[in-house]
Amino acid sequence: MDTLKKLFPLAFKAKKDIGALIVNILIHIVADVVAGLLIGLLSGLPLIGWAFGLVGGLIGLYFTVSVVLSILDYLKILK
């Protein structure tokens, strides 16, 4: 569990109410969209575009897992 908390620090930030959870999720979504737009612009480059596409997929996966962990932490499912 300590490893998860180190890898996903924003997901385990203390959330007192549902409003804080929604703000936390919105931060993750906005960061994912911004990163996706930047990676999308860079993925058009020849020869290294596939690498940016791969990095974009990993960033999207990271933020998706972080949102799920944030919800699970708020519901006190994770200890």
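As a basis for the values below, the full set of heavy atoms in this structure was taken, side chains included, without hydrogen atoms, waters or symmetry mates.
Hydrophobic clustering of Ile, Leu, Val, Met, Phe, Trp and Tyr side chains at less than 4.5 Å, counting indirect connections, unites Ile48 with Leu42. In terms of hydrophobic clustering, with Ile, Leu, Val, Met, Phe, Trp and Tyr side chains grouped at heavy-atom distances under 4.5 Å, Leu69 and Ile27 are assigned to different clusters. Leu75 and Leu10 fall into different hydrophobic clusters, defined by Ile, Leu, Val, Met, Phe, Trp and Tyr side-chain heavy atoms under 4.5 Å apart, directly or through other members.
Under the salt bridge (charged side-chain N to carboxylate O under 4.0 Å, His left out) criterion, Asp73 pairs with Lys15, not counting sequence neighbours. Legend: residues meeting side chain to side chain contact (heavy atoms under 4.5 Å, CB included) with Leu37, ordered by chain and number and at least two apart, are Val33.
Among all heavy-atom pairs drawn from Ile18 and Tyr74, the shortest one is N-OH, 3.3 Å. Minimum heavy-atom separation, Ser66 to Ala11: O-CB, 3.4 Å.
Within the model, atoms CD1 of Ile71 and CD1 of Ile25 stand 4.0 Å from one another, a figure rounded to the nearest 0.5 Å. Atom OG of Ser70 is separated from atom CZ of Phe8 by 11.5 Å, given to the nearest 0.5 angstrom. Atoms CG and CG, on Leu26 and Leu21 in that order, are 9.5 Å from each other to the nearest 0.5 Å.
With side-chain heavy atoms closer than 4.5 Å counting as contact, directly or through intermediates, the hydrophobic cluster containing Leu38 also holds Val30, Val34.
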Under 3.5 Å donor-acceptor pairs involving side-chain atoms of residues 51-65, not counting sequence neighbours:
{"residue": "Tyr62", "atom": "OH", "partner": "Leu7", "partner atom": "O", "Å": "2.8"}
{"residue": "Thr64", "atom": "OG1", "partner": "Gly60", "partner atom": "O", "Å": "2.8"}

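Counting only residues at least two apart or on different chains, no side chain to side chain donor-acceptor pair (under 3.5 Å) pair has a member in residues 29-41.
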